[in-house]
Amino acid sequence: MNKYIILVILFGLCFSSSLSNQEKFFCKQCHRFVHTIQKVEHFWDKSIVWFLELVAEGYCAYAKIEKHSVCKGAIHEMTPVIFEGIQTRYLDEDFICPLIRWCPKVYEELKLEDYISNILKDKPLNTQWPQLDGTDTIEIIHVSDIHTDLFYKEGTLSKCDEPLCCREEFKAKDDQSKAGYWGSAAVCDLPERTFEQFVNFLKTDVINPNKKTFLFWTGDSVQHDVWKQGREYNIKNSRRITEIFDKANLGITFIPQIGNHEAFPVNQYDYMSDKDSNLRVEFSNMWREWLGDETADFFKENGFYAKEFDNFKVIAFDSQICNPDNWYLIKDPTDPTGFLEWAEQELKQSEQKDQAVYFTAHIYTSSCLVPWARRFNALVERFSYIVRGQIYGHAHGEFFNLYKDQNGEPMNVAYISSSLTTYTYKLPSFRKFVVDAKTMIPMNYYEYRLNLDKYNAIGQDAILKWDIAFDFLSEYGTTKMYPADLFAITERLFKEPELVKKFDFNSNSGFGLSGDSAKYLYCKLNHSINDDLHLCLGEKLKKEWTEYVTPGWRKRKVYSTQKNQKKKSKKQKNQKQ
C-alpha cells in the first residue's frame with residue numbers, strides 16, 4: 001500500500017481513539033508504525049526531490065533571478081536541506097503521534113513573556129554604566145567579511161552576469177570594466193595578496209606595541225560563488241587566512257568566530273545531528289593556538305565559547321543558531337545549542353566578579369530570527385550594565401544598533417562593521433576601537449578604508465596603506481559612546497540632512513549614497529529586532545513562510561521510548577570506549 005495512503009488512514013483513525021483509555025497501547029503502536037515507515041522508504045524519494053529541483057530551477061531562470069547555471073547549482077545544494085528539515089519535523093513520531101492524540105505531548109510551548117519576566121525578575125535597580133576612567137586604554141581591531149577570492153584575476157570583467165565576477169572566464173572589453181590588481185569595488189571579492197598587505201599594514205601602522213590589543217575576526221572568509229562550493233572548498237580560505245595571521249607574528253590576542261559562508265551549503269548548519277560537527281572540529285583545531293586547549297575543546301563541542309582577560313570576558317557565539325536562512329532550523333529553531341541558557345550563567349558569573357562583558361558573532365541580532373532576538377535582547381537588558389560592547393559583521397557596511405529595554409529606553413549598543421572585501425561595491429574597510437581599560441567602555445573608534453583607485457594605478461609594486469576615513473566622535477558630533485549619547489545622535493537625523501548623508505555614505509563603506517531617508521536610518525539604528533524595525537517604518541508585519549513550517553519556541557517534556565533507547569545505547573557505547 002502506498003505510504004501516503006497509510007498516513008491518511010492513520011490520521012483518520014486517530015481521532016476516534018480515546019487517549020485516556022488507550023494511551024499506552026496506541027502510543028507505542030504509533031511510534032512503531034511511523035518508525036517503520038521511515039525505515040521502509042524515505043519520505044522524500046529522490047525522484048520527488050529531483051522533480052521539485054527541476055521546477056525550482058525553471059522558475060528561477062524564467063523569472064531571471066539568476067542565470068540557469070547559478071540557479072541549478074544553488075537549488076541543488078539547498079533542496080536536500082529543506083526537505084530533510086521538513087521530513088525530520090513532520091514525519092517524526094514525536095510530532096505525528098501527539099498531533100493525532102495517540103500520545104501525550106512531547107513538547108511544551110514556551111511563551112516569550114514568561115521567558116522575559118523570568119530573566120528580568122532580579123534585574124538590578126541601577127543599570128547605568130560607570131563613568132569613564134580614562135587613565136589607560138586598550139585597543140580592539142575588528143575585521144569581518146574578508147571573503148578572499150583565490151581565483152581573482154586582474155584585468156577580467158568586474159561586472160558580469162553572475163553573482164561573482166573578476167575571474168578568468170569573464171573577459172573585459174574595455175579598461176573601465178577591468179578588475180584592478182589590488183581589488184575592484186564591484187561584484188568581486190578580495191584578492192588574497194590584498195589581505196596579505198592588510199596584515200602587514202596592521203603590523204606597521206595600526207598595532208601599538210605599547211597597548212594591549214585584541215583582534216575580533218567575525219567570520220565569512222570564503223568567496224561568494226555559493227552555487228559551486230563544497231565543504232573543503234569553504235574551509236580553505238579560513239585556513240589560509242589563519243596561516244597569514246600566524247606568520248605575521250602580530251603579538252596580539254585573537255578572538256575568532258565563523259560566519260554563515262563557512263558552512264556548506266551557505267547558511268546551512270545542522271544542530272540536530274553530528275553531520276556538521278566536522279566544521280567545529282576543523283575550526284577548533286585551526287584556532288587552538290589562539291584559544292588554548294580548554295576553550296578550543298569547548299568550542300568544538302558547542303560552537304560558542306568564553307574567554308576571560310583580567311577585568312573582562314568575551315562571549316563569542318555562532319550566529320547560525322539564529323540565522324533565518326538556516327533551513328536546518330525547520331527541525332527546531334529553539335536555541336538549538338542551548339547558548340542562551342549557557343550565556344546567562346556566564347553573565348551571572350561575570351556579574352559576581354564585577355567583570356565587563358563583550359558579545360561577538362557574525363550576524364547581528366536585527367538580522368536574526370525574531371523570537372531568538374527578543375530573548376537575546378532580554379538577556380542583554382538584564383545584564384546591560386556589565387555588557388559594555390557587542391561587535392558584529394555580516395552587513396558589509398558600518399552602522400550601529402541600539403538595544404532598548406522594556407520601556408523603550410536605550411540600554412546597550414551593537415557595533416556592526418564594514419567588510420574587508422569589496423563585495424558588492426565597497427571599499428576594503430576595518431576599524432579599531434579605543435577602549436577604557438578600567439571600565440571596558442568604548443571611547444572612540446577609527447574607521448579605515450583602502451583607496452583602491454590609488455593603489456591600482458600604482459600597480460603590483462604598491463605598498464598598501466589604509467586611510468583613517470573618520471573617527472566616531474568627530475564624525476557624528478558626540479563626546480561619549482554611551483547608549484543615551486548614540487540615541488541623541490539618531491534624534492538629530494530629522495534636523496540635519498548632512499548627518500543623514502554621513503550615515504548613508506558610511507553604511508556603503510565610502511562608495512556613494514543609497515538615498516536612505518532620515519526615517520529609515522533612525523529606525524535602522526534604533527532597533528536590534530527586525531520586527532521592531534519594520535513597525536518603526538510603519539510597515540505591516542508579515543510572517544515569513546518559514547514561520548508557518550517551523551515548530552515555534554518549545555522544549556522537550558518527555559522522550560519517546562525509541563529515542564530513550566537510542567540515547568541509552570549511545571551513552572553505554574561511550575562509557576565502553
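Both backbone and side-chain heavy atoms feed into the values below; hydrogens, waters and symmetry mates do not.
In this structure, a donor-acceptor pair under 3.5 Å is present between the side chains of N237 and T148. Between the side chains of W217 and S144, not a single donor N or O lies within less than 3.5 Å of an accepting N or O. Checked by atom type, the side-chain pair D471/N444 shows a donor-acceptor distance below 3.5 Å. N260 and N323 form no side-chain donor-acceptor contact under 3.5 Å, judged by distance and modelled atom types alone. Side-chain polar atoms of E262 and N234 form no donor-acceptor pair below 3.5 angstrom. For the residue pair H147 / S419, no side-chain donor-acceptor distance below 3.5 Å is found, with atom types taken as modelled. Under 3.5 Å, the side chains of S277 and D274 contain no donor-acceptor pair of N or O atoms. For Y482 and Q128, the side-chain atoms include no donor-acceptor pair closer than 3.5 Å. Side-chain N/O atoms of E346 and Y305 include no donor and acceptor closer than 3.5 Å. Side chains of S418 and S429: no donor on one and acceptor on the other come within 3.5 Å. For the residue pair T490 and N526, a side-chain donor N or O sits within less than 3.5 Å of a side-chain acceptor on the partner. If you check the side chains of S384 and N412, you find no donor sitting under 3.5 Å from an acceptor. A donor atom on one side chain and an acceptor atom on the other are not found under 3.5 Å apart for R492 and Y522. Side chain to side chain, S528 and N377 meet the donor-acceptor criterion of an N or O pair below 3.5 Å. Checking E475 against N506 by side-chain atom types alone, a donor-acceptor pair falls below 3.5 Å.
Using a 4.0 Å cut-off between charged nitrogen and carboxylate oxygen, R239 and E232 count as a salt-bridge pair. Between K348 and E344 there is a salt bridge, since at least one side-chain N of the basic residue sits less than 4.0 Å from a carboxylate O of the acidic one. Salt bridge present: R431 and E398 bring a charged side-chain N and a carboxylate O closer than 4.0 Å. The existence of a salt bridge linking E308 and K353 is confirmed by a sub-4.0 Å separation between a basic side-chain nitrogen and an acidic carboxylate oxygen. With respect to E192 and R240, a salt bridge is recorded, a charged nitrogen being found less than 4.0 Å from a carboxylate O. A salt bridge does not link E108 with R554: every distance from a Lys NZ or Arg NE/NH1/NH2 to an Asp or Glu carboxylate oxygen is 4.0 Å or more. Using a 4.0 Å cut-off between charged side-chain N and carboxylate O, D276 and R231 make a salt bridge. Using a 4.0 Å cut-off between a side-chain N of Lys or Arg and a carboxylate O of Asp or Glu, K555 and E341 do not qualify as a salt bridge. For the pair D318 and R280, the salt-bridge criterion is not met [side-chain N within less than 4.0 Å of a carboxylate O]. We find that K105 and D94 are not joined by a salt bridge, their nearest charged nitrogen and carboxylate oxygen being 4.0 Å or further apart. With respect to the salt-bridge test (charged N to carboxylate O, under 4.0 angstrom), the residues E139 and K432 qualify. Using a cut-off of 4.0 Å between Lys/Arg side-chain N and Asp/Glu carboxylate O, E381 and K123 are scored as salt-bridged. Salt bridge absent: D532 and K404 never bring a charged side-chain N and a carboxylate O closer than 4.0 Å. A salt bridge is absent between R375 and D335: the closest approach of a Lys/Arg side-chain nitrogen to an acidic carboxylate oxygen does not fall below 4.0 angstrom. Note on D136 versus K438: no salt bridge recorded, every NZ/NE/NH1/NH2 to OD/OE distance being 4.0 Å or above.
Residues V357 and F383 form no side-chain contact, since every pair of their non-hydrogen atoms from C-beta on lies 4.5 Å or further apart. Between L402 and L525, every side-chain heavy-atom pair lies at or beyond the 4.5 Å cut-off. In this structure, F433 and F216 have side chains that are not in contact, with every pair of non-hydrogen atoms separated by 4.5 Å or more. Here the side chains of F283 and S238 are in contact, with some heavy-atom distance below 4.5 Å. Between Y385 and E351, some side-chain heavy-atom pair lies under the 4.5 Å cut-off. With contacts defined as side-chain heavy-atom distances shorter than 4.5 Å, the pair Y358/P442 qualifies. Taking the side chain as every heavy atom from C-beta outward, K211 and T137 approach each other to under 4.5 Å. Under the 4.5 Å side-chain criterion, counting only non-hydrogen atoms from C-beta, M481 is not in contact with D485.
Enclosure of atom CD in E289 is not indicated, since only 12 or fewer non-hydrogen atoms of other residues, nucleotides or ligands lie within 6.0 angstrom. Counted within 6.0 Å of NZ on K307, heavy atoms from surrounding residues, nucleotides or ligands total more than 12; the atom is thus considered enclosed.
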Going through the distances and angles, do K121 and N118 end up as a side chain to side chain donor-acceptor pair (under 3.5 Å)?
CA-CA 5 Å; K121 64 185 178 183; N118 184 58; 3.0 Å; yes
Let's go through T439 and W129 carefully: what are the C-alpha distance in whole Å and the side-chain angles of both, what is the deciding distance for side chain to side chain donor-acceptor pair (under 3.5 Å) to 0.1 Å, and is it a yes or a no?
CA-CA 8 Å; T439 64; W129 286 356; over 6 Å; no
Any chance you could lay out the side chain to side chain donor-acceptor pair (under 3.5 Å) test for Q268 and D325, step after step, and finish with the verdict?
CA-CA 7 Å; Q268 309 311 309; D325 294 326; over 6 Å; no
One pair to check against side-chain contact (heavy atoms from CB on, under 4.5 Å): L369 and L329. What are the steps and the verdict?
CA-CA 10 Å; L369 289 165; L329 296 181; 3.7 Å; yes
Take Y392 and F359 through the test ring-ring contact (aromatic ring centres under 6.0 Å, His included) and record every step on the way to the result.
CA-CA 9 Å; Y392 304 100; F359 278 107; 8.1 Å; no
Step-by-step side chain to side chain donor-acceptor pair (under 3.5 Å) determination, D145 to T421
CA-CA 6 Å; D145 299 270; T421 186; over 6 Å; no
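Aromatic ring centres of F298 and W342: separated by under 6.0 Å. Between F254 and F245, a ring centre-to-centre spacing shorter than 6.0 Å is recorded. For F487 and F400, the ring centers sit 6.0 Å or farther from each other. In this structure, the ring of Y364 has its center no less than 6.0 angstrom from the ring center of Y415. Under the 6.0 Å cut-off for aromatic ring centres, W372 and Y115 do not qualify, their centroids lying 6.0 Å or more apart. Residues F198 and W466 bring their aromatic ring centres within 6.0 Å. Under the 6.0 Å cut-off for aromatic ring centres, F503 and Y476 qualify, their centroids lying closer than that.
Scanning both residues, I116 and A378, for their nearest heavy atoms gives CG1-CB, 3.9 Å. Residues L215 and I252 come closest through the heavy atom pair CB-CD1, 3.7 Å. Nearest heavy atoms, N401 versus S366: OD1-OG, 2.9 Å. Shortest non-hydrogen contact noted between H362 and I258 is CB-O, 3.7 Å. Scanning all heavy atoms of the two residues, the minimum distance from T337 to N302 falls at CG2-O, 3.9 Å. For A248 against V199, the heavy-atom pair with the smallest separation is CB-CG1, 3.4 Å.
By the 30° and 60° cut-offs, the orientation of the rings of Y271 relative to Y269 is tilted.
The disulfide (SG to SG under 2.5 Å) analysis of residues 273-356, with sequence neighbours excluded, yields the pairs C322-C368.
Rounding to the nearest 0.5 Å places CD1 of I391 at 4.5 Å from CD1 of I140.
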